[in-house]
Every structure is written in C-alpha cells, then in structure tokens.
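The next block holds one structure in the form of structure tokens; read it before the comments.
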Number of protein chains: 2
Amino acid sequence: MEYMARPAKPNGAVAERNPKRTRERILSAALQEFAANGFAGARVDAIARRAAINKRMLYHYFGDKEHLFREVLRRKIAERQASAESLSGDPAESLPFWFKLSCKDADWVRLLEWEALQEADNQLIDGNSRRALATRALGRIRQQQALGYLAGEFEPRHLLLAMRSLTMFPMAFPQLTRLIMGRPVSDPHFQKQHAEFLRKFAAAFQPAGNRRNKTNFEN
Amino acid sequence: MEYMARPAKPNGAVAERNPKRTRERILSAALQEFAANGFAGARVDAIARRAAINKRMLYHYFGDKEHLFREVLRRKIAERQASAESLSGDPAESLPFWFKLSCKDADWVRLLEWEALQEADNQLIDGNSRRALATRALGRIRQQQALGYLAGEFEPRHLLLAMRSLTMFPMAFPQLTRLIMGRPVSDPHFQKQHAEFLRKFAAAFQPAGNRRNKTNFEN
DNA sequence: CCATTAAGTAACCATCAAGTTACTTGGAAT
DNA sequence: ATTCCAAGTAACTTGATGGTTACTTAATGG
C-alpha cells in the first residue's frame, strides 16, 4: 500500500517555526513529567502533549527518552550549581537555607531520588562537574573548621553528609515526615518550625568552645 | 475456533501443590522486584519467573499488581515493627544502630523511597499501624528527655525526624553519598566509619550538662 | 469413592507506549 | 528565484506487558 500524502497542517493554522522555544518546551515538560513519574513511569506522549509539540520533535532534538532524561538532569544540576556556591559558612544559617531550598524545589529532590533508585549499573550523570562541586563544598568546610566556625573534631566528609541528610530528608520522604510531624511537608508552618529547629540544632556542628548565640536575632 | 484442550503438565513432572509456599515465593520475588524497579518498573512476568510459578497464580492470590505491591509493603512494615521497639534510648547507641539497620536492609529503604515518589493522591499504606508506631517512638523520646538522656530544649517530633534523616539518608541516596564520601555505601569501611561518626555526633542530641563520654569504650 | 473446589498450566489478547516512516513546508543561503 | 535543509506533522509499526480464557488435576470432606 502506498503512503498517502497528507498536508502538514490540515487545519489552516500557520506553522511558525521556533526551534529554541520547542526545545525549551520539551525540556520543561520533561522535567515535570520525569519528576512526577520517574524514568520508567514517564510517558513520552505525555511529555509531548504537555509541551504542545509533536512527539517526533522530541526524537528529533534528543534522540530518545533516556537522552532526554539525562539532559533534563544535566540542566537541573547546572541550575543548582549557582545557589550551591552562594552559601554562608555558618551552619546556623546554611542548614535552614538548604532546607528551605529543598522545600522550594521539590522537583530537584525527586529527580535525585529517581536517580538514586535507577539500577546503578550505569555511571553517574554529569559526574565530573558534580564531583568538582562536592570537592569545593568539602574545601569550604575545611576552611570553616580552620576558622573555628565548624567543629574540627569531625571529618569534613561526614559533616557534609550529615548536613545534606538533615536538610533533604523531609522533602525526600514526605510520607514519613508527615507521619512524624503530623503535618504535610508542604505546610509553611512545618517548614518554618523545622528551619528554626535546624538553626538551633546547628550548634551541634560548631566547636564546643565557640558556640554561637542561640536566640533569634544575633549580630 | 474451539479452545484446544492442553495437558496441565506436558512433561511428566508431578504437580505438587503447596499454596503456602507458592504465596510465599510470590511475595518474596515481588519484594525483590519492586525494591529494585519500583511499581511502574516492576514486571509481573519477572516476578513470576523469579518465583518460579505460573503468572496466573499471582492473580489468583493477589488480584492484581497493585494489591500485590500493597501486600509486600504491608508485610515489610510488619517485619520492621519488631526491631523498631527494641532500641536503646541513648542516641549514641541508637543512631549507629538505626544506620546499620538501614545498611543491612537496603530493600526497605528503597521501598519507602518508591512509596514516597508514588504520586500521593492515594492514602498511606497501612497508615494506622504506622501512626501508632510513630506515636510510640515519640513517647520514648519524651521519656528519655524526662530522664535527662535527650536534650529537652527540642521538640520530640523534630528530634525524631532529625534522627531518621541522619540514619536513612546515606542508603536512600547512594549516589550522593558516594560523591561526598568517595566510597560506595556498600563499603563496610564507610559503614563502620559513619556509624562511629554518628556515635560521636549523638552528643548533639544529649543535654548540654549530661554529655556522655566520647571515647570508644565507655561503661 | 465420588463430587466439589482450590491450585495449577499454557496459550491468548487488548492495550499501551517507544520509536519510525513518510511525508510537507518555512526560511536562510546561494 | 530557486534550492536545500532543518523544523514540523500524522499515521503507522513493533514489541512489551498486564491481565484473561479455557482448560486440567490434586486433594479434601461427605
């Protein structure tokens, strides 16, 4: 059977071309879909519908579903690197800061979580730049220890892991958090309360001799 | 076309019946498959193959994929409740204990993670018994605070959330942990080191006036 | 010892979803 | 002006996958 010629636009609409916008729409729709459903759960058709583009374009720009996923992750990582650098060394500020950031960007936490669950035979996406980022973070901690703002009795690696744990966990496990706190993670009251807890709890990271003031308004 | 009669066992093997064992095999295979691939990623055929049973039996015993998933979670939760109760009140012991437990039972952490990512319009699986468990845990913390083993300056809820964060995070995000620690989470050396870190760090949860000895062999 | 039922089997099917085919067309470069 | 390619479209293919049909047979209670 011969392939039948079809008009590209059966309705009279003009097909304005805009490769940049199309790419952007796909990436943005893909971020939402992947964050919501993960790689296996995400539907290419759903991404296309969400982006209001033809599915074929997705393959045109990104090759296949997996490459699209990697690109989404890569972009999000790049986006986060900026805020990663601008960060006070004082844990009483940085812990609440990181916690609030996780609250604001649930998609990010979810993406990392999906990545964690991906059967990890494959290598880390964007590994080099992330390794570099981690190295810089460790360097800052070492610096803060030397300045006496962070307890020197602990290894920087463990301190960093503990800080990440405390600030990301609630968003990563909303059901457990709700079980414990009695409120949904999305509740602003919970977020404020827990940020305040972290500010006080940050004393644990400070040298015993140099514990800062625990009241609300220091400086 | 008439349906053709087929022998149930074309090879001469005897079909020994064992409903209990069959159910058990399905649940065990499903636990592995769901922990590894999540609900969307899990394949019913893979579960059947793993369990070495006919796929039809899975539907016979559990109705459908989702009911099977819920049953797997329910059983794992029940299994964990036992170890949840047997736990010292001293954070210098309980933090490393919980951390090691997470390391040992990666499937559990992964299941919770998959559950967290499930689009949460549905209600919590086995909510009542889990709520009760959380309430008991909070009660123990309040008790320990009264006895002076835990800092009274923090709300029990926040303390519990912080403890869970510190002990579960590394297994939940192995890729981030590896990025920070330079070693895979599965590395026994890392696990020992971090357990030791948590033992020392537990001082953060103890009252300022009642900090325990930080050396390795107390008592 | 026989009827009934629960446990078991293999083949089948409908649907869904990733990826392709086979085209058309806007617009930049020659 | 005309060619050419990237951008765009709709229909199609193919394989996987959750679930079903249509049976057989071991075991158990009357």
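Owing to the predicted nature of the structure, the values given are computational and were not obtained by experimental measurement. Sequence lines set the chain letters: A, B, ... in the order given, protein chains first and strands last, and positions in each chain run from 1.
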From D:dA22, D:dA7, D:dG19, nucleotide with atom closest to A:P19 side chain: D:dA7

Give one of base, sugar-phosphate or nothing for B:R43, where a contact means two heavy atoms less than 4.0 Å apart. sugar-phosphate

Could you tell me the separation between the CD atom of B:E33 and the C1' atom of D:dG18, rounded to a whole number of Å? 13 Å

Starting from P on D:dA7, measure out to CZ on A:R23 and report it in whole angstrom. 10 Å

Side chain of B:D45: nearest nucleotide among D:dT17, C:dA18, D:dA10? D:dT17

Reckon B:Y61 touches a base, only the sugar-phosphate, or nothing at all at heavy-atom distances under 4.0 Å? sugar-phosphate

Return the value, rounded to whole Å, for the distance between atom CG of B:L58 and atom C1' of C:dG8. 14 Å

Which nucleotide in C:dG8, C:dT21, D:dT20 has an atom nearest any side-chain atom of A:R56: C:dT21

Rounded to whole Å, how long is the line connecting atom CE of B:M57 with atom P of D:dG19? 16 Å

Under the salt bridge (charged side-chain N to carboxylate O under 4.0 Å, His left out) rule, collect the residues that match up with A:R131, sequence neighbours excluded. none

For B:D64 and D:dG18, what is the distance between atoms CG and P respectively, to the nearest whole Å? 11 Å

Nucleotide nearest A:K55 when distance is taken to its side chain, options C:dA6, C:dG19, D:dT9: C:dG19

Looking at A:K76 and A:E71, would you say the former's side chain and the latter's main chain have a donor-acceptor pair under 3.5 Å? no

In this structure, how many angstroms lie between the P atom of C:dA6 and the NZ atom of B:K20, rounded? 18 Å

Look at the side chain of A:N18 and the base of D:dA7, then say whether one donor and one acceptor between them are separated by less than 3.5 Å. no

Enter the distance from B:M163:CE to B:H158:NE2 here, rounded to the nearest 0.5 Å. 14.0 Å

Take the protein atom CZ of B:F69 and the nucleotide atom P of D:dG18, then report the distance between them rounded to whole Å. 14 Å

Under the criterion ring pair (Phe, Tyr, Trp, His ring centres under 6.0 Å), I'd like the reasoning laid out for A:F169 against B:F169: C-alpha separation, chi angles, the key distance, then a yes or no. CA-CA 7 Å; A:F169 186 88; B:F169 186 88; 7.6 Å; no

Between C:dA6, D:dA6, C:dG19, which nucleotide gets closest to the side-chain atoms of B:R17? C:dA6

B:H60 side chain: which of D:dT20, C:dA6, C:dT9 is closest? C:dA6

Select base, sugar-phosphate, or nothing to describe what B:A40 touches, counting heavy atoms under 4.0 Å on all strands. nothing

Flag the pair A:K192 and A:E196 as a salt bridge only when some basic side-chain nitrogen lies within less than 4.0 angstrom of an acidic carboxylate oxygen. no

So, is A:T22 close to the D:dG8 phosphate, meaning a side-chain N or O under 4.0 Å from OP1 or OP2? yes

Between CD1 of A:I26 and C1' of D:dG8 the distance, given in whole Å, is 11 Å

Within the structure shown, what part of the strands sits under 4.0 Å from B:A42 by heavy-atom distance: base, sugar-phosphate, or nothing? sugar-phosphate

